[in-house]
Amino acid sequence: MSGFDAYATTARVALVSLAAVLLGSVAGAVGAAATAGVPESLSYGVQSALASVVIGAVAVAAVRARGRDWAFFDLDRPSLRTVGIGLAAGVAMLGLLWAFSVLTAVLNVPSASHGVQERIEANPTIALVMAVVSVLFVAPGEELLARGFVQRTLYDHYSPRLAVVVASAVFAGVHVFAYATAPALAVAASLTQLFCISLVLGAIYLRTRNLVAPILAHGLYNAIQFLLVYIGV
């Protein structure tokens, strides 16, 4: 494949990812309108679930548009080894998160607050709901897009390891809107952290050839973070 083909494909998967996130935001807004009047924690959970379902649906639609079927995603029944790798990676990602928090504190780098954090501070029950939603909806939806569609597509144009790096850059890049109001240095630090976390997810997908592994790791990583926030509020 030529370099132009590789760059064109990278731009295409980045645009699909951006479109998925934007459509997910629209779905979340629809969920917010549909659940007006219900408890805020339930409403926010519905919004996040709908957004994640749409993100995953865009990934599936993009794969189908290329003439590929569901098997493209490598969603197979996991072995105990695959489950173990996924759970171990989730724990490792939490360790990486802790290391980043220590490093940014030492370097006095300001933190970028994600929108959901502000909501949780006002209503801690949201954290409990999101711990469940993360496992059931957020992790599957985002992994279908970031690893199942983006990384898997990039295998045709890059070496497998470089595909992991490029897919991780795309994954981090589309999260920039979640920190749009934070200082530039804080945004850069948060995106760097997301990039490194994504490298772990991409690496275990490459190692296991099974999307279940990064879904488990991602779900565990998010859920424990929400539970820790709930405990700490």
Side-chain angles (χ1 to χ4, degrees), residues 8-36 38 42-78 86 114-116 126 129-156 163-164 166-178 194 197-198 201-202 204-206 208-223 226:
T9 299
T10 302
R12 179 167 60 84
V13 298
L15 287 174
V16 170
S17 298
L18 182 58
V21 171
L22 292 177
L23 288 173
S25 297
V26 172
V30 171
T35 56
V38 306
L42 178 58
S43 175
Y44 193 77
V46 170
Q47 294 172 49
S48 299
L50 285 175
S52 300
V53 168
V54 168
I55 287 172
V58 170
V60 173
V63 168
R64 295 287 294 181
R66 297 182 62 213
R68 308 298 292 269
D69 59 19
W70 187 252
F72 182 85
F73 291 102
D74 297 319
L75 261 173
D76 304 315
R77 173 178 288 185
H114 194 290
V116 68
I126 292 175
V129 173
M130 285 304 300
V132 177
V133 171
S134 291
V135 173
L136 298 180
F137 296 99
V138 176
E142 291 193 357
E143 291 308 306
L144 278 170
L145 178 68
R147 254 56 62 180
F149 168 65
V150 175
Q151 183 173 316
R152 187 79 163 73
T153 299
L154 293 176
Y155 286 161
D156 293 338
V164 171
V166 176
S168 297
V170 172
F171 178 79
V174 298
H175 279 79
V176 67
F177 300 105
L194 281 172
I197 292 299
S198 185
L201 293 169
I204 63 172
Y205 181 40
L206 178 61
T208 62
R209 301 289 179 175
N210 192 327
L211 194 62
V212 172
I215 288 175
L216 287 174
H218 195 156
L220 179 66
Y221 173 75
N222 281 1
F226 280 119

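The analysis underlying the following values was restricted to heavy atoms, covering all of them including side chains, and did not include hydrogens, waters or symmetry mates.
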Audit row: Leu154, Thr10, side chain to side chain contact (heavy atoms under 4.5 Å, CB included) steps and yes/no | CA-CA 7 Å; Leu154 293 176; Thr10 302; 3.9 Å; yes

Give the minimum heavy-atom separation between [X] and [Y], together with the two atoms involved.
X      : Y      : answer
Phe226 : Ser134 : CE1-OG, 3.2 Å
Gly24  : Ala51  : O-CB, 3.2 Å
Ala131 : Ala223 : O-CB, 3.6 Å
Gln47  : Gly31  : CG-C, 4.0 Å

Taking C-beta and beyond as the side chain, do Trp70 and Leu75 meet within less than 4.5 Å on heavy atoms?
->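 Yes, their side chains come closer than 4.5 Å.
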
Would you say Leu144 and Leu211 make side-chain contact, with heavy atoms under 4.5 Å?
->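 They are in side-chain contact.
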
Ignoring hydrogens and angles, write down the donor-acceptor pairs under 3.5 Å from the side chains of residues 12-22, residues two or more places apart or on other chains.
from  : atom 1 : to    : atom 2 : distance (Å)
Ser17 : OG     : Val13 : O      : 2.8

Sequence neighbours left out, what pairs pass side chain to side chain donor-acceptor pair (under 3.5 Å) with at least one residue falling in residues 22-36?
->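 Non-adjacent pairs meeting side chain to side chain donor-acceptor pair (under 3.5 Å): Thr35-Ser43.
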
Which residues pass the side chain to side chain contact (heavy atoms under 4.5 Å, CB included) test with [X], not counting sequence neighbours?
X      : result
Ser48  : Tyr44, Met130, Val133
Ala217 : Ala89, Met93, Leu201, Ile204
Asp74  : Arg152, Tyr205

Donor-acceptor contact present, side-chain Asn210 to main-chain Asp76, <3.5 Å |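 Flag set: sc Asn210 to bb Asp76 pair under 3.5 Å.
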
Which pairs would a plain distance check flag for residues 55-67, meaning a side-chain donor or acceptor within less than 3.5 Å of a matching protein atom at least two apart in sequence or in another chain?
from  : atom 1 : to     : atom 2 : distance (Å)
Arg66 : NH1    : Thr153 : OG1    : 3.3
Arg66 : NH2    : Asp156 : OD2    : 3.3

Can you measure from CZ (Arg68) to CZ (Phe73) and round to the nearest 0.5 angstrom?
->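 Answer for the CZ-CZ pair, Arg68 versus Phe73, is 10.5 Å.
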
For the side-chain hydrogen bond (donor to acceptor under 3.5 Å, both in side chains) test, which of His175, Glu142, Arg147 pairs with Ser198?
->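 Going through the options one by one, the only one that passes is Arg147.
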
Could you walk me through whether Leu206 and Tyr155 pass the side chain to side chain contact (heavy atoms under 4.5 Å, CB included) test, one step at a time?
-> CA-CA 10 Å; Leu206 178 61; Tyr155 286 161; 3.6 Å; yes

